[in-house]
Protein chains: 2
Amino acid sequence: MRLTTKGRYAVTAVLDLAFHQGKGPVSLAAISERQCISLSYLEQLFAKLRRNDIVSSTRGPGGGYSLQRNAAEISVSDIILAVDESVKMAGCGDSDACDGDYQCLTHDLWQELSNEIREFLDGISLAEVMTNQKVKEVSIRQDAVSASA
Amino acid sequence: MRLTTKGRYAVTAVLDLAFHQGKGPVSLAAISERQCISLSYLEQLFAKLRRNDIVSSTRGPGGGYSLQRNAAEISVSDIILAVDESVKMAGCGDSDACDGDYQCLTHDLWQELSNEIREFLDGISLAEVMTNQKVKEVSIRQDAVSASA
DNA sequence: CTTAATCCCGACTATTTTAGTCAAGTATTA
DNA sequence: TAATACTTGACTAAAATAGTCGGGATTAAG
């Protein structure tokens, strides 16, 4: 499990999607403007999110992305794992370095903690984040600015 | 809050230190051998850990590093934050991009979740990780291999 | 049917971070 | 004093991040 700015972008974008999908699919252009993430970068992220069945797409004018499941059934870890796909940890990850059998066990030591973190994030759904008072306030403020622009 | 391989190395190294500091300070060379992390990289990490008052150093023969506080009083987040020091998040982090005042609020949205994660990791002390059964087993196995080598 | 909005895809790139190496110190103890 | 071990700084190869660019494919609307 990793927490990087990439995952942060993804969580923020999907959160924006969740807030605005009331009136049909949400375009990446709209998310890009509201969240200030470059369109091309969003395209890369959403390609992975689509491959991992978190969002689905509708093409053509008026199209965009929708959540594939209910916001209550999408966890924060789902999003982060989808976007971080190929995590080949450096060091003695896969049975080749440190010549011996169990000489180097960095991986195992960290794994325990990593699991706890994943379980924790697995327990937080998009819907729960959306009910957070501060998050709600920010979302409302963003809509106000977008509308006046 | 970020979770990267750098933080993982740091947590693993300090954990190794905690397990072996019974007989005085632990040398980086010993940690390097046991955990298979390059000595020079450990030097960089421990310089930051020392600056953040997590470990203290003893010079000269038989020297090495010791925990500055009790293992129960060092949280996992302490270690990760010490090592990740300068986290200048990309994007609209600091009031310059997106011209307006509150146009871009990516930062705030993510912040809420990030805080929850930090609080979670803040609640996990080194001592607690050490009592984890699997972690203990790995540590014992490592000592056995080190001794026979 | 054409046009425009939108997703889709691949190649390319600048910058930053990771994970080191190397060399020259300084402090301490045996 | 010599060996041990920490300390610092400069440098570097490789990867990840955060994009850009340019072209498609689909489809709703006019």
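Below, read A as the first sequence line, B as the second, and so on, with proteins coming before strands; counting in each chain starts at 1.
One finds no side-chain N or O of B:Arg8 lying less than 4.0 angstrom from the OP1 or OP2 phosphate oxygen of C:dT18. For the OP1/OP2 pair of D:dA16 and a distance below 4.0 Å, the side-chain nitrogens and oxygens of A:Thr4 include no atom meeting the criterion. OP1 or OP2 of D:dA15 has not a single side-chain nitrogen or oxygen of A:Arg2 nearer than 4.0 Å. The phosphate of D:dT17 (OP1 or OP2) has no side-chain N or O of A:Tyr9 nearer than 4.0 angstrom. OP1 or OP2 of C:dA19 lies within a sub-4.0 Å distance of a side-chain N or O belonging to B:Thr5.
With rounding to whole Å, B:Leu49 atom CG is found 13 Å from D:dT8 atom P. Between B:Tyr41 atom OH and C:dA19 atom C1' there is a gap of 5 Å when expressed in whole angstrom units. If you measure from atom CD of B:Gln44 to atom P of D:dC6, you get 15 Å, rounded to the nearest angstrom. A:Leu28 places its CG atom 16 Å from the C1' atom of D:dA18, with the value rounded to the nearest Å. Atom-to-atom, CG of B:Asp84 to C1' of C:dT16 comes out at 13 Å; the value is rounded to the nearest Å. Regarding B:Lys48, its NZ atom lies at a distance of 12 Å from the C1' atom of C:dA19, rounded to whole Å. The separation between A:Leu42 atom CG and C:dC9 atom C1' is 16 Å, rounded to whole Å. What separates CZ of A:Arg59 from C1' of C:dA5 is a distance of 12 Å, to the nearest Å.
Defined by atom type and a distance below 3.5 Å, a donor-acceptor pair is present between the side-chain atoms of A:Ser75 and A:Ser77.
Looking at the side chain of A:Ser57, the nearest of the listed nucleotides D:dA3, D:dC6, C:dC8 is C:dC8.
With A:Asn52 contributing its side chain and A:Ile54 its backbone, the two residues share no donor-acceptor pair below 3.5 Å.
Judged by closest nucleotide on DNA chain D, B:Leu39 is the one of A:Leu39 and B:Leu39 placed further toward the 5' end.
No N or O donor and acceptor, one from the side chain of B:Glu43 and one from the base of D:dC6, sit under 3.5 Å apart.
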